[in-house]
Undergrad: 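This is the structure I want to talk about, given as structure tokens.
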Amino acid sequence: MISLRNTATAYGLVSRCLHWSVALLFIGQIALGWLTQVFSDQPVLQFDLYQLHKSVGFLILALALIRLAWSLFGRSPHAGAVASAVERLLARFAHRVLLLLTVAVPLAGWAIASASPLGVPSYVFDLVVVPNLPLPVSDAAEAFWSHIHAWLAYGAAGLVSIHAAAALFHAFRRGRTSLHGMLPQRR
Ligand code: HEM
Ligand code: HEM
């Protein structure tokens, strides 16, 4: 039986649910963001992709803030004696950076929408309009945030690839339990 909170040795149900919902949405969102650029010659499709991208982005931001708060007020399970000190340090550092990126990337996206002179409102799944951030509005400011957003998003994609590869390597090559510790049922 998995407890709700993390224990000294295992992630709890809340951390697991938050990890996988943010992880799947985040990976899909990188692909969606990339598609908004691929279809730049089809303005109607591109507009719809932008609106979906913004909606999913705000959902990720909300989940990521809950997750950040949950990780700040809860404990982190230790990796166990099987992981070396360097591996533990690298994993902890990568997890902190990933947690911050899941907040920073959507914030930078929100900054693009806020700085854009086009002033297209940001709807979340056609339900509510999210107000703009109080930022200077100009083509230059929009381009600036667009660069920051793209760099952070593709940087995050690189770190996620290393993170997922490390988790799979540990699970399948070394028989460690870190992946099982993040899956629905602990075996
Ligand atoms: C975790 C959440 C997000 C991820 C992973 C993400 C990822 C991306 C990626 C990979 C691109 C393509 C960048 C390029 O190739 O130039 C992109 C573009 C874009 N994203 Fe996001 N995004 C997220 C959240 C948001 C949010 C919340 C908004 C706005 C409210 C947003 C607005 C935009 C806009 C406007 C573009 C197009 C930029 C341009 O035209 O240069 N994104 N995003
Ligand atoms: C298929 C992709 C992924 C796999 C296989 C995976 C696997 C794992 C595993 C096994 C752990 C536990 C590590 C340990 O016990 O030390 C973990 C933790 C973590 N992962 Fe992932 N992960 C994936 C995608 C992602 C993504 C996309 C993000 C964020 C953008 C992410 C962020 C984190 C964070 C922050 C932790 C630390 C625990 C927490 O706060 O939830 N992961 N991951």
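When a residue number appears, it is its place in the shown sequence, counting from 1. When a ligand or atom number is given, it counts from 1 through the structure's own listing order.
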Undergrad: Near F26, which atoms of ligand 1 are under 4.0 Å from a heavy atom of that residue?
TA: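 With F26 as reference, the close atoms of ligand 1 come out as 1 (C).
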Undergrad: Check if V160 has a non-hydrogen atom at a distance under 4.0 Å from any atom of ligand 2.
TA: yes
Undergrad: Only heavy atoms of A167, strictly under 4.0 Å: list the atoms of ligand 2 that pass.
TA: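 Ligand 2 atoms under the 4.0 Å threshold to A167: 7 (C), 10 (C).
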Undergrad: Among H53, Q46, Q37, which one puts a heavy atom closest to atom 7 (C) of ligand 1?
TA: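 It is H53 that holds the nearest heavy atom.
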Undergrad: Using a 4.0 Å cut-off to any heavy atom of K54, which atoms of ligand 1 qualify?
TA: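 Answer for ligand 1: 29 (C), 30 (C).
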Undergrad: If you take all heavy atoms of V120 and K54, which pair is closest and at what distance?
TA: O-NZ, 3.7 Å
Undergrad: Which atoms of ligand 1 are found less than 4.0 Å from any heavy atom of F58?
TA: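 Those atoms are 27 (C), 30 (C).
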Undergrad: Of the listed options (A31, S146, G33), which comes nearest to atom 12 (C) of ligand 1 when hydrogens are ignored and any heavy atom counts?
TA: G33
Undergrad: Identify, for atom 34 (C) of ligand 1, the protein heavy atom at the shortest distance, and state residue, atom and that distance.
TA: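 Sorting protein heavy atoms by distance from atom 34 (C) of ligand 1 puts I112 CD1, 3.8 Å first.
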Undergrad: Any nitrogen or oxygen of H19, main chain or side chain, under 3.5 Å from a nitrogen or oxygen of ligand 2?
TA: yes
Undergrad: Tell me whether the centres of the aromatic rings in Y154 and W34 are closer together than 6.0 Å.
TA: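 No, the ring of Y154 stays outside the 6.0 Å limit from the ring of W34, centre to centre.
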Undergrad: Relative to ligand 1, is I30 under 4.0 angstrom through side chain, backbone, both or neither, heavy atoms considered?
TA: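 It is both backbone and side chain that touch ligand 1.
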Undergrad: Report yes if some N/O of Y154 lies less than 3.5 Å from some N/O of ligand 1; otherwise report no.
TA: yes
Undergrad: Please list, in number order, the atoms of ligand 2 under 4.0 Å from a heavy atom of T102.
TA: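 Near T102, the atoms of ligand 2 are 29 (C), 30 (C).
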Undergrad: Under 3.5 Å, N or O to N or O, is H95 touching ligand 2 that way?
TA: no
Undergrad: Heavy-atom distances under 4.0 Å decide this one: backbone, side chain, both or neither, for S71 against ligand 2?
TA: neither
Undergrad: Please examine the side chains of S116 and V137, heavy atoms only from C-beta on, and report whether any two atoms are closer than 4.5 Å.
TA: no
Undergrad: So L135 and W145, do their side chains get closer than 4.5 Å, heavy atoms only?
TA: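 Side chain of W145 against side chain of L135, heavy atoms only: contact under 4.5 Å found.
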Undergrad: Heavy-atom contacts with A164 under 4.0 Å: which atoms of ligand 2 show up? List them by number with element.
TA: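 This gives 2 (C), 3 (C) as the contact atoms.
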Undergrad: Given the rule that I, L, V, M, F, W and Y join up when any side-chain heavy atoms are under 4.5 Å apart, are L68 and L4 in one cluster?
TA: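 L68 clusters together with L4.
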Undergrad: For L35 versus L49, what's the shortest heavy-atom pair and its separation?
TA: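 The answer is O-CD1, 3.9 Å.
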Undergrad: Looking at atom 40 (O) of ligand 1, what's its closest protein heavy atom, distance included?
TA: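 That would be Y50 OH, 3.0 Å.
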Undergrad: Does L159 belong to the same Ile/Leu/Val/Met/Phe/Trp/Tyr cluster as V105, with side-chain heavy atoms less than 4.5 Å apart forming each link?
TA: yes
Undergrad: Report whether Y11 and W20 are members of the same hydrophobic cluster (ILVMFWY, side-chain heavy atoms less than 4.5 Å apart, transitive linking).
TA: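 Yes: a chain of side-chain contacts under 4.5 Å links Y11 to W20.
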Undergrad: If you look at every heavy atom in P121 and Q51, which pair is closest and at what distance?
TA: O-OE1, 3.8 Å
Undergrad: Taking only heavy atoms of A153 into account, list the atoms of ligand 1 that are under 4.0 Å away from them.
TA: 7 (C), 10 (C)
Undergrad: Would you check whether Y11 reaches within less than 4.0 Å of ligand 2, judged by its heavy atoms?
TA: yes
Undergrad: Within a strict 4.5 Å, meaning less than it, do heavy atoms of the V128 and Y123 side chains meet?
TA: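 No - every pair of side-chain heavy atoms lies 4.5 Å or more apart.
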Undergrad: At a non-hydrogen distance cut-off of under 4.0 Å, which region of R96 contacts ligand 2 (side chain, backbone, both, or neither)?
TA: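 It is neither; nothing of R96 touches ligand 2.
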Undergrad: Quick check: closest heavy atoms across V103 and A64, and the distance to 0.1 Å?
TA: CG2-CB, 3.9 Å
Undergrad: I want to check something: taking the side chain as every heavy atom from C-beta on, are V97 and L101 in contact at a cut-off of under 4.5 Å?
TA: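 Contact flag for V97/L101 side chains = yes.
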Undergrad: For ligand 1, which atoms, with element, lie under 4.0 Å from some heavy atom of G57?
TA: 24 (C), 27 (C)
Undergrad: Give me the residue, atom name and distance of the protein heavy atom closest to atom 24 (C) of ligand 1.
TA: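 Residue, atom and distance for the closest contact: Q29 NE2, 3.4 Å.
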Undergrad: So if I count the atoms of ligand 1 from 1 in the order they appear, which ones are less than 4.0 Å from some heavy atom of V105?
TA: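 This gives 3 (C), 4 (C), 5 (C), 6 (C) as the contact atoms.
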Undergrad: Near W110, which atoms of ligand 1 are under 4.0 Å from a heavy atom of that residue?
TA: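 Matching atoms, with element in brackets: 28 (C), 29 (C), 30 (C).
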Undergrad: For I2 and L13, which heavy atoms make the closest approach, and how far apart are they?
TA: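 Heavy atoms of I2 and L13 come nearest at CG2-N, 3.6 Å.
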Undergrad: Using a 4.0 Å cut-off to any heavy atom of L99, which atoms of ligand 2 qualify?
TA: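 Near L99, the atoms of ligand 2 are 35 (C).
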Undergrad: Compare every heavy atom of P136 with every heavy atom of A141, then report the nearest pair and how far apart it is.
TA: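 Here A141 and P136 meet closest at CB-O, 3.5 Å.
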Undergrad: With heavy atoms under 4.0 Å as the rule, classify the contact between W20 and ligand 2 as side chain, backbone, both or neither.
TA: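 It is the side chain that gets close, since no backbone atom is under 4.0 Å.
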Undergrad: Students should be able to answer this: which protein heavy-atom is nearest to atom 19 (C) of ligand 1, and at what distance?
TA: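 Result for atom 19 (C) of ligand 1: H149 CD2, 3.5 Å.
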Undergrad: Side chain to side chain contact (heavy atoms under 4.5 Å, CB included) between L98 and F26: does it pass, once the steps are laid out?
TA: CA-CA 11 Å; L98 284 173; F26 195 90; over 6 Å; no
